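Remember, it's a predicted structure, so these values are computed and weren't measured experimentally. Position 1 is the first residue of the sequence, and the numbers go up from there.
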Amino acid sequence: MILADFIIRTEHGLYCPYGLFYLDPSSAVDQALISHAHGDHACRDNKHVFCTPETADIMRLRYKKSAGGAFTLKTYGESFELNGVNVSFHSAGHILGSAQILLEYKNTRYLYTGDYKLQGDATCTAIEFIKADVLITETTFAHPDTQHPNPIEEIKKLNEHTENVLLGTYSLGKAQRLTRLINDHCPDRKVAVHFQILPLHQLHEKWNIYLGKYQLYTRKMMKEVEKNYVYLVPPITFKSYARATNVCRAFASGWKNLQNQNDLQLLISDHVDWNDILKMIDLVKPTEVWTVHGDGVHLKAHFKGKIPIKSL
């Protein structure tokens, strides 16, 4: 039997009152199950963190002593019991170490996706499809008009420009994916990464993730004559170079508003689009769908009379 209150929203985020733990809490709690290390899912100073080893490595790199108290590390598919709830982590295909969290209680399976994607990505483990009674899915891009283009075709746009490219990107996950894509599909381009991105590249390589060639970016390089560079910089640095000259400006994101006023559109997303969410539901075969990170209004209309959809 599906328990309507198995996962509830509180001031700290999503909470399982039956297992006495939180899923990706927004502020520090006693027991936190962390799906992946992006800041909007992995907060600081939780007393006890349950996550994959890769996620723990990233949190410790970024948060240092504030990463959390005790860590319990679980590899994909390894199950454990937490206050009567059976828990296991399964690849979400989002970034390095990202996991869906399967919760089993009284013969009912609840699958919390965290952030996930179905597109191929050489810098993280591909998503695993698991059947569940309840699918708790992100709905960041759950709109019928949203369909992410092929990332290989998007990155190949860089080959059409002769000038250096100032490429805004998120430091964790996206920057590593872009570095590998550029190395694989833009052979004449040279990748230079911002100093905030460099440690995350190095951590990926610790986990045997091959990114290809890259070098450390410096401000001096912006003034050099040599061409064919792609400078990967975090959002705040990208904004500070709003008036940069002699470069092609681009920002890699699925959000179309972030493409405004750039010289090149680069629609590369690490989230599922509308068709991917429909495919996920088809493969998981849930009896109910609970949505987060979006209201799921279009899913409710699409599945009306077929699958109950509710927003958490």
Next on the checklist: Distance check, rounded to the nearest 0.5 Å: E160 atom CD versus C186 atom SG?
Outcome noted: 10.0 Å
Item to check | From CG (D30) to NZ (K47), nearest 0.5 Å | outcome: 4.5 Å
Next on the checklist: Before we go on, tell me: are the rings of W290 and Y112 under 6.0 Å apart, centre to centre?
Outcome noted: no
Checklist entry - Quick one: does T113's side chain get under 4.5 Å of I136's, heavy atoms only? => result no
Checklist entry - Between H94 and H38, is the ring centre distance below 6.0 Å? => result yes
Checklist entry - Are F129 and Y116 close enough that their ring centres sit under 6.0 Å apart? => result no
Checklist entry - Will you find, in the side chains of T75 and E78, an N or O donor that is under 3.5 Å from an N or O acceptor? => result yes
Next on the checklist: Can you confirm whether the side chains of H41 and D24 place a donor and an acceptor under 3.5 Å from each other?
Outcome noted: yes
Checklist entry - Going by the angle between their ring planes, with limits at 30° and 60°, are Y22 and Y15 parallel, tilted or perpendicular? => result tilted
Checklist entry - Is the NZ or CZ atom of K74 both under 6.0 Å from the centre of the six-membered ring of F89 and within 45° of that ring's axis? => result no
Checklist entry - Can you name the closest pair of heavy atoms from S98 and Y76 and give their distance? => result O-OH, 2.7 Å
Checklist entry - Regarding H148 and Q119, is there a side-chain donor-to-acceptor distance under 3.5 Å anywhere? => result no
Checklist entry - With a 4.0 Å cut-off, would you call K117 and D276 a salt bridge? => result no
Checklist entry - Heavy atoms, side chains only, cut-off 4.5 Å: are L14 and I8 in contact? => result no
Next on the checklist: Centroid separation under 6.0 Å, is that true for the rings of F50 and H48?
Outcome noted: yes
Item to check | Side-chain donor-acceptor pair present, T52, T55, cut-off under 3.5 Å | outcome: yes
Next on the checklist: For the residue pair R60 and F71, would you count it as a cation-pi contact if the rule is NZ or CZ under 6.0 angstrom from the ring centre and within 45 degrees of the ring axis?
Outcome noted: yes
Checklist entry - Cut-off 3.5 Å, side chains only: do T179 and H201 have a donor facing an acceptor? => result yes
Checklist entry - How long is the gap from NE2 on H143 to CG on L299, to the nearest 0.5 Å? => result 11.0 Å
Item to check | Donor-acceptor pair between S88 and H90 side chains, under 3.5 angstrom | outcome: yes
Item to check | V134 reachable from V292 in the ILVMFWY side-chain graph, under 4.5 Å edges | outcome: yes
Checklist outcome for this item: Value for CG (D263) from CD (E163), rounded to nearest 0.5 Å, stands at 7.0 Å
Checklist entry - What pairs with F21 under ring pair (Phe, Tyr, Trp, His ring centres under 6.0 Å), at least two apart in sequence or on another chain? => result none
Item to check | Separation of K174 NZ from T169 OG1 (nearest 0.5 Å) | outcome: 5.5 Å
Checklist entry - Without hydrogens or angle criteria, can the side chains of T139 and T291 be said to hold a donor-acceptor pair below 3.5 Å? => result no
Checklist entry - How are the rings of Y18 and F6 set relative to one another: parallel (under 30°), tilted (30 to 60°) or perpendicular (over 60°)? => result parallel
Next on the checklist: Check R109 with D133, please: is the shortest side-chain N to carboxylate O separation under 4.0 Å?
Outcome noted: no
Item to check | Nearest-0.5 Å distance that lies between atom CD in Q147 and atom OG in S269 | outcome: 13.0 Å
Checklist entry - Given the rule in the side chain to side chain contact (heavy atoms under 4.5 Å, CB included) test, do L266 and L167 qualify, once you have shown the distances and angles that lead to the verdict? => result CA-CA 9 Å; L266 211 59; L167 181 51; 3.6 Å; yes
Item to check | Any side-chain heavy-atom pair of W255 and T140 under 4.5 Å | outcome: yes
Next on the checklist: Could you report the tightest heavy-atom contact between F238 and G168, atom names first, then the distance?
Outcome noted: CD1-N, 3.5 Å
Checklist entry - Given side chains that start at C-beta, do those of V272 and M280 come closer than 4.5 Å, heavy atoms only? => result no
Checklist entry - Do L23 and S35 come within less than 4.5 Å of each other through their side chains, counting heavy atoms only? => result no
Checklist entry - Going by atom types alone, do D145 and W274 pair a side-chain donor with an acceptor below 3.5 Å? => result no
Next on the checklist: Checking the side chain of E153 only, and the main-chain atoms of N150 only, is there a donor and an acceptor separated by less than 3.5 Å?
Outcome noted: no
Checklist entry - Is it true that a side-chain atom of Y110 and a backbone atom of L3 form a donor plus acceptor pair closer than 3.5 Å? => result yes
Next on the checklist: Go through it in stages, so that I can follow the logic: the residues are I127 and Q100, the test is side chain to side chain contact (heavy atoms under 4.5 Å, CB included), and I'd like the CA-CA distance, side-chain angles, deciding distance and then a yes or no.
Outcome noted: CA-CA 9 Å; I127 189 170; Q100 304 169 81; 3.6 Å; yes
Next on the checklist: Under 4.5 Å between side-chain heavy atoms, counting indirect links through other Ile/Leu/Val/Met/Phe/Trp/Tyr residues: same cluster for L258 and I236 or not?
Outcome noted: no
Item to check | Single-linkage hydrophobic cluster L264~L166, side-chain heavy atoms < 4.5 angstrom | outcome: no
